[in-house]
There are 2 protein chains.
Amino acid sequence: MSSGSTPDLDIAVDPGRRMSSDERRQQILVAALAVFGTRGYDGATTDEVARAAGVSQPYVVRLFGSKENLFLATIEEALARLLTAFREATVDADAETIGKRVGQAYVDLLSVRGLHQTLANAYLMGSHPVIGPAARRGFAAVWRFFRDDMGLDADRAREFLAEGMLISTMIGLRLVDDYGSDPEITELFRSCFPTDLPHILDVVPRGTDRW
Amino acid sequence: MSSGSTPDLDIAVDPGRRMSSDERRQQILVAALAVFGTRGYDGATTDEVARAAGVSQPYVVRLFGSKENLFLATIEEALARLLTAFREATVDADAETIGKRVGQAYVDLLSVRGLHQTLANAYLMGSHPVIGPAARRGFAAVWRFFRDDMGLDADRAREFLAEGMLISTMIGLRLVDDYGSDPEITELFRSCFPTDLPHILDVVPRGTDRW
DNA sequence: GTCTATACCGTGATAGAC
DNA sequence: GTCTATCACGGTATAGAC
């Protein structure tokens, strides 16, 4: 049951309702993004995911088979949303605006709690025998999008990747939380994102996801 | 005792020898960099750190007080080495070469097993009540170095940070392991590091640190 | 300075009812 | 489709000897 210690991660729509397996899976995946994003793979518990989704812990395991499988499914979900958003950003965009559009899409995805952080966590698990390969495939898929669908040259693609990693890092660090209170963090953040910052501050939920 | 399951992480110089507290601390920190770098904070166990350092698990806890404290000390160690290497790279460097020099220093540090990965893991723990603030301080310190000691403007500093995060990501993903065998990874890696790659391949230990 | 033994607890997974 | 009960394991930390 969903109750108690982490109310801010609770995303259950209608806790008691009986729903289709697919609906539940989707709901659990959204919860998993938030939990894995905050705690990382090993730090997250299937119980916390379950509570965030408003179901019981054994049911989460039942639906996905194992914690490892749940994480794999969560990565897939994150990548699917990412690439879909990117693709949508490229329609009706000329070579002039396409970069800004896709960058914007990346920042907009910050509103999906834990999406970037979950991917960032996966990217750090390269030496895991099953998660590692999946993470590499996912990363390669994003790169392929930059190269093939966006038609970027190697240099621009690298810049895109690098910029994305920097944004992810600053989000994972939760620099946002100290923005405005700690003068140095404020300056660091400002100087790194002279243009995007207002939008980031607008779209990122601050002070939530607390440990 | 150091034995068995993860021989490649064993860095004990002389397992049986009795040494000063400070020597042991240092030895354990080097082991901790490798273990935390591979497994992350929650995935790592104090026992694996102990075995890698050639001491008993309770002794690691005894010396550092707790796993959390050990991790904080490990981050400090990583940052100290990073900033020291950066500083050394800036002496006798003019405005023309300083960028290349510091970048080179960053890549060279890949030879310290787990250093970049440990920092990357810390950077993802922004919402942890005690590790989060420490990680933010560390990140800010690096940024301060770019700004004050290297005298970079905001734009160049951001580029440096971003490039660093990209390198960290690719290392954490262990793209190196598939380099040469997987054609797509090979191309991705090549196109991202047209110049540095030979050096990276030279300095990064491949196929070790396996799960 | 360093070990062995061990207490204790959190977590993933299974069994089985409804 | 979903829960409750429960088990087995692994991991941190403590006690205390050498």
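Quick note: numbers below take in every heavy atom, side chains included, and nothing from hydrogens, waters or symmetry partners. Chain A is the first sequence line, chain B the second, and so forth, proteins listed ahead of strands; every chain is numbered from 1.
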**Request:** Compare the minimum distances between each of D:dG1, D:dA5, C:dT2 and the side chain of A:Pro58, then state the nucleotide with the smallest one.
**Result:** D:dA5
**Request:** Please state how far atom CD in B:Glu68 lies from atom P in D:dG11, giving the value in whole angstrom units.
**Result:** 19 Å
**Message:** Between B:Leu63 and A:Tyr41, which residue's closest nucleotide on DNA chain C lies nearer the 5′ terminus?
**Reply:** B:Leu63
**Prompt:** Out of C:dG1, C:dC3, D:dT12, which nucleotide sits closest to the side chain of B:Thr46?
**Reply:** D:dT12
**Request:** Output yes when at least one side-chain N/O atom of A:Thr45 is less than 4.0 Å from OP1 or OP2 of C:dT11, else no.
**Result:** no
**Fill in**
Residue pair B:Asp47/A:Asp22 against DNA chain D: nearer the 5' end by closest nucleotide is A:Asp22
**Request:** Could you check which of D:dA13, C:dA13, C:dC3 has an atom nearest any side-chain atom of B:Val55?
**Result:** C:dC3
**Message:** Counting neighbours of CG on A:Asp92 that are heavy atoms of other residues, nucleotides or ligands and sit closer than 6.0 Å, is the number greater than 12?
**Reply:** no
**Fill in**
Taking for B:Ser21 and for A:Ala44 the nucleotide of DNA chain C with the nearest heavy atom, the one nearer the 5' end belongs to B:Ser21
**Prompt:** Less than 3.5 Å between a donor and an acceptor, one on the side chain of B:Arg62 and one on the base of D:dG16, is that the case here?
**Reply:** yes
**Message:** Side chains of A:Gln27 and A:Arg24 only: does a donor on one sit below 3.5 Å from an acceptor on the other?
**Reply:** yes
**Message:** Check B:Arg137 with A:Glu184, please: is the shortest side-chain N to carboxylate O separation under 4.0 Å?
**Reply:** no
**Prompt:** Please give, in whole Å, the distance from C:dT14 P to A:Lys67 NZ?
**Reply:** 15 Å
**Message:** Which residue is it: B:Tyr106, B:Phe160, B:Phe139, B:Phe86? I am looking for the one with a ring-ring contact (aromatic ring centres under 6.0 Å, His included) to B:Phe145.
**Reply:** B:Phe86
**Asked** Is any side-chain nitrogen or oxygen of B:Ser56 closer than 4.0 Å to OP1 or OP2 of C:dT2?
**Response** no
